[in-house]
Each structure stands twice: as structure tokens, then as C-alpha cells.
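Since the structure comes first, as C-alpha cells, the remarks are kept for the end.
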Amino acid sequence: MRKRIVAGNWKMNLSKQEAEQLITDLESQYENDKDCHIVICPSSVYLNLAIDMQSNMSVGAQNVSERENGAFTGEISCAMLSSMGVQYCIVGHSERRQYFGDTNELINQKVKALLANNITPILCCGESLSERESNQQEKVVSMQLGSGLKGLSPDEVAKVVVAYEPVWAIGTGKTASAEQAQDIHAYIRAFLQDIIGDKSQKISILYGGSCKPENAKELFACRDIDGGLIGGAALNATSFLAIANSF
Ligand code: PEP
């Protein structure tokens with residue numbers, strides 16, 4: 001069975017005290033017997049805190065440098081994340097593509113650097129509203145995934161977690177319907193099967209975009225949806241864990 005994952009992207013939110021409180025709440029409410037792996041992705045300044053405070057969850061970063069080390073002021077390397085115990089890292093999020101110029105080539109370099117440091121990339125893809133309206137979603141995700149995974153061996157590709165996040169659903173309150181999400185997840189699964197064969201069957205494909213306790217059950221019941229990448233609803237332990245308990 002594929003790994004079920006619910007990952008929380010905290011983005012640039014929370015004070016240190018609020019982050020501590022959220023981790024405390026998650027730790028006290030999380031039932032470890034559930035068949036779902038939890039990943040929390042706080043701001044990089046709270047990664048250490050999260051690693052020290054958590055006992056059952058994994059910790060992920062929201063971004064990383066593609067470079068190895070050296071004079072790159074303000075950057076954080078994969079080796080640094082790895083040495084702290086960070087296990088996952090989000091790459092290719094639409095906000096990074098849109099506001100920070102992360103190109104497909106750069107995303108590909110980050111994916112390679114993460115894998116070389118034994119960190120699992122959560123590789124995001126997804127179309128904009130105008131691309132959805134012109135029925136370009138398959139073309140967009142295949143281009144983003146094809147470039148993001150370029151040059152990787154099948155074994156390396158199989159280590160990646162994919163997150164399908166339609167840009168029009170992120171932070172907007174609009175969720176893709178379960179049918180829309182399943183259709184594109186099935187397309188992504190077939191795309192991965194084409195490039196690496198049966199090894200693709202173990203790749204978890206997460207849905208992201210206004211996922212909340214009210215819609216998680218229907219989304220997670222779909223055959224090719226293996227969990228979620230959660231933004232807004234991850235900032236509250238009760239709603240985040242309700243989503244994780246929706247399998
Ligand atoms: C995200 O940014 O990855 C996301 C899914 O956000 P939200 O859940 O708030 O739409």
C-alpha cells in the first residue's frame with residue numbers, strides 16, 4: 001500500500017510562541033495508531049523547535065537552496081536540513097514559482113540536491129485558473145513534473161512525493177471536486193508509470209488546495225489520492241488532525 005501522508009504547510013505564519021502551542025496541541029491530540037503519516041512544515045526558523053518538540057510526526061522544510069554550500073547569504077542548504085533531522089522539503093510550490101521566480105530548472109536542481117541528502121522532496125504541480133478554463137491542466141502538470149524529475153533514475157523518482165495543487169484552489173476556499181481531483185491524479189499516476197514503470201505505484205500523490213475537514217473524506221476516498229498538502233487548515237491542530245483522520 002502507498003504511504004498516506006498529510007503534510008501541513010505553515011507558510012510565513014506564527015510567532016515562536018504560537019508555533020510552540022500548535023506543536024503542543026498536535027502532540028497531545030494526535031492518535032498515533034492512525035494509518036496516516038503526519039508531516040509539519042514550519043518556517044525554517046522553527047525547524048529545530050519542531051524537531052525537538054515532536055515525537056510522532058516528521059518535519060519538513062518549505063524551501064531549500066539548490067547549491068551545496070558557500071557564500072550565498074541567507075540561503076539554507078540540503079546538508080544543513082539533513083543534519084538537523086529534516087525529512088521532507090516542499091519544492092515547486094506555486095507561491096515560490098509566482099513570487100520568487102522558482103523555475104522548472106531550478107526546481108529540478110533542488111529535487112536532485114534533496115535526494116542526494118536523503119530528504120524527500122514534496123514536488124508540487126498544478127495549473128492556474130486560466131489554464132484550467134482552457135483545459136490545459138494535463139499539459140501543465142506533465143510539463144512541470146517532466147522538468148522537475150528530469151535526469152533522475154527510476155529509483156530516485158520513486159522516492160519523490162508529488163502534490164497536485166491547482167493554483168485556483170490554493171487559499172481561495174475553492175476546492176477541486178473529488179472527481180476533478182481524481183481525474184488529474186489518475187493522469188499523474190499514468191504519467192509516472194510511463195516514465196518509471198511499476199516503481200511509480202509506490203509514489204504518494206497528495207492533493208492540495210483548500211482541503212479542510214469538510215471535504216477531506218471525499219477527496220481521500222479517491223483511488224489515486226494518497227493524502228493532502230494543507231495550508232490554512234494546518235494552522236489549527238483540531239482541523240489539521242481532523243483532515244489526517246479522514247482516511
Ligand atoms: C498550499 O498552499 O499548499 C495550500 C494547499 O493552501 P490552502 O490549503 O490554504 O489552500
Side-chain angles (χ1 to χ4, degrees), residues 1-11 22-23 26-27 29-42 47 50-51 54-64 81 85-93 111 114-115 118-126 141 145 148-149 156-166 169-170 175-176 178 181-182 184-186 188-189 192 199-213 215-237 239-247:
M1 196 173 80
R2 280 189 288 276
K3 197 168 184 177
R4 292 162 158 181
I5 301 170
V6 170
N9 176 8
W10 296 3
K11 309 193 184 187
L22 179 51
I23 302 166
L26 288 168
E27 279 289 310
Q29 294 173 35
Y30 177 43
E31 295 166 38
N32 194 24
D33 60 335
K34 292 284 188 302
D35 187 20
C36 173
H37 189 67
I38 302 252
V39 183
I40 52 172
C41 304
L47 284 169
I51 287 163
Q54 68 71 39
S55 55
N56 294 308
M57 305 178 285
S58 293
V59 176
Q62 296 175 16
N63 183 35
V64 74
L81 294 181
V86 170
Q87 292 171 282
Y88 290 82
C89 182
I90 300 170
V91 262
H93 192 281
V111 169
L114 286 165
L115 289 170
N118 292 318
I119 298 172
T120 303
I122 302 178
L123 174 59
C124 302
C125 60
V141 297
L145 291 176
L149 301 171
E156 286 173 325
V157 173
K159 288 183 184 154
V160 171
V161 170
V162 170
Y164 167 67
E165 299 206 302
I170 296 179
T175 320
Q182 167 56 28
I184 190 96
H185 277 235
I188 292 170
R189 175 90 52 219
L192 295 170
K199 286 187 172 148
S200 64
Q201 293 304 319
K202 62 181 271 218
I203 299 180
S204 303
I205 308 177
L206 315 184
Y207 170 79
S210 298
C211 185
K212 16 182 200 278
N215 56 27
K217 228 182 190 65
E218 202 190 349
L219 288 162
F220 294 176
C222 297
R223 192 164 47 92
D224 291 297
I225 300 185
D226 306 307
L229 179 55
I230 318 299
L235 295 173
N236 175 282
S239 60
F240 183 60
L241 293 176
I243 293 172
N245 287 335
S246 296
F247 279 106

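- The minimum heavy-atom distance linking Ala233 with Cys211 is given by the pair CB-O, 3.7 Å.
- Each of Leu114, Val162, Leu149 was checked for a side chain to side chain contact (heavy atoms under 4.5 Å, CB included) with Pro121, and the lone residue meeting it is Leu114.
- Evaluated for a side chain to side chain donor-acceptor pair (under 3.5 Å) with Asp226, the options Arg4, Lys202, Arg189 yield exactly one hit, Arg189.
- Without hydrogens or angle criteria, Ser246 side chain to Ala216 main chain gives no donor-acceptor distance under 3.5 Å.
- Between the side chain of Ser239 and the main chain of Leu235, no donor-acceptor pair closer than 3.5 Å is present.
- Nearest heavy-atom pair across Ala163 and Leu229 is CB-CD2, 4.0 Å.
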Let me see the working for Ile38 and Asn56 under side chain to side chain contact (heavy atoms under 4.5 Å, CB included), right down to the final yes or no. CA-CA 8 Å; Ile38 302 252; Asn56 294 308; over 6 Å; no
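- Ser204 contributes atom OG, which lies 4.0 Å from atom CD1 of Ile5 (distance to the nearest 0.5 angstrom).
- Note that CG of Asn63 and SG of Cys89 are 6.0 Å apart. Values are rounded to the nearest 0.5 Å.
- Here the side chains of His93 and Gln62 are not in contact, with every heavy-atom distance at 4.5 Å or above.
- Taken to the nearest 0.5 Å, the CG atom of Asn236 stands 9.5 Å off from the CD1 atom of Ile243.
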Does the side chain to side chain contact (heavy atoms under 4.5 Å, CB included) test come out yes or no for Ile205 and Asp224, once each step is laid out? CA-CA 7 Å; Ile205 308 177; Asp224 291 297; 5.5 Å; no
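- The shortest side-chain heavy-atom distance between Ile184 and Val141 falls under the 4.5 Å cut-off.
- For Pro166 against Tyr207, the heavy-atom pair with the smallest separation is CD-CE1, 3.7 Å.
- Side-chain atoms of Ile203 and Val161, non-hydrogen and from C-beta on, never get closer than 4.5 Å to each other.
- For the 3.5 Å distance criterion, the side chains of Ser55 and Glu27 qualify, holding a donor opposite an acceptor.
- With a 4.5 Å cut-off on side-chain heavy atoms, Val86 and Ile51 count as touching.
- Counting only heavy atoms from C-beta outward, the side chains of Ile188 and Cys125 approach each other to under 4.5 Å.
- We find the CG-CD distance between Asn245 and Gln29 to be 10.0 Å, quoted to the nearest 0.5 Å.
- The two residues Ala234 and Leu22 make their nearest non-hydrogen contact at O-CD2, 3.7 Å.
- Between Trp10 and Ile23, the closest heavy-atom pair is CH2-CG1, 3.7 Å.
- Looking at heavy atoms from C-beta onward, Phe247 lies out of side-chain contact with Asp35 at the 4.5 angstrom threshold.
- At least one donor-acceptor pair closer than 3.5 Å links the side chain of Arg2 to the backbone N or O of Gln201.
- If you take SG on Cys36 and CD on Glu31, they are separated by 12.0 Å, rounding to the nearest 0.5 Å.
- The minimum heavy-atom distance between Pro42 and Val59, with the atom names listed, is CD-CG1, 4.2 Å.
- A heavy-atom distance below 4.5 Å is not found between the side chains of Thr120 and Val160.
- Proximity of Leu115 to Lys159: side-chain heavy atoms (C-beta onward) are separated by under 4.5 Å at one or more points.
- Under the side chain to side chain donor-acceptor pair (under 3.5 Å) criterion, Lys212 pairs with no residue at all, not counting sequence neighbours.
- Taking NE2 of His185 as the reference point, atom OH of Tyr164 lies at 7.5 Å (rounded to 0.5 Å).
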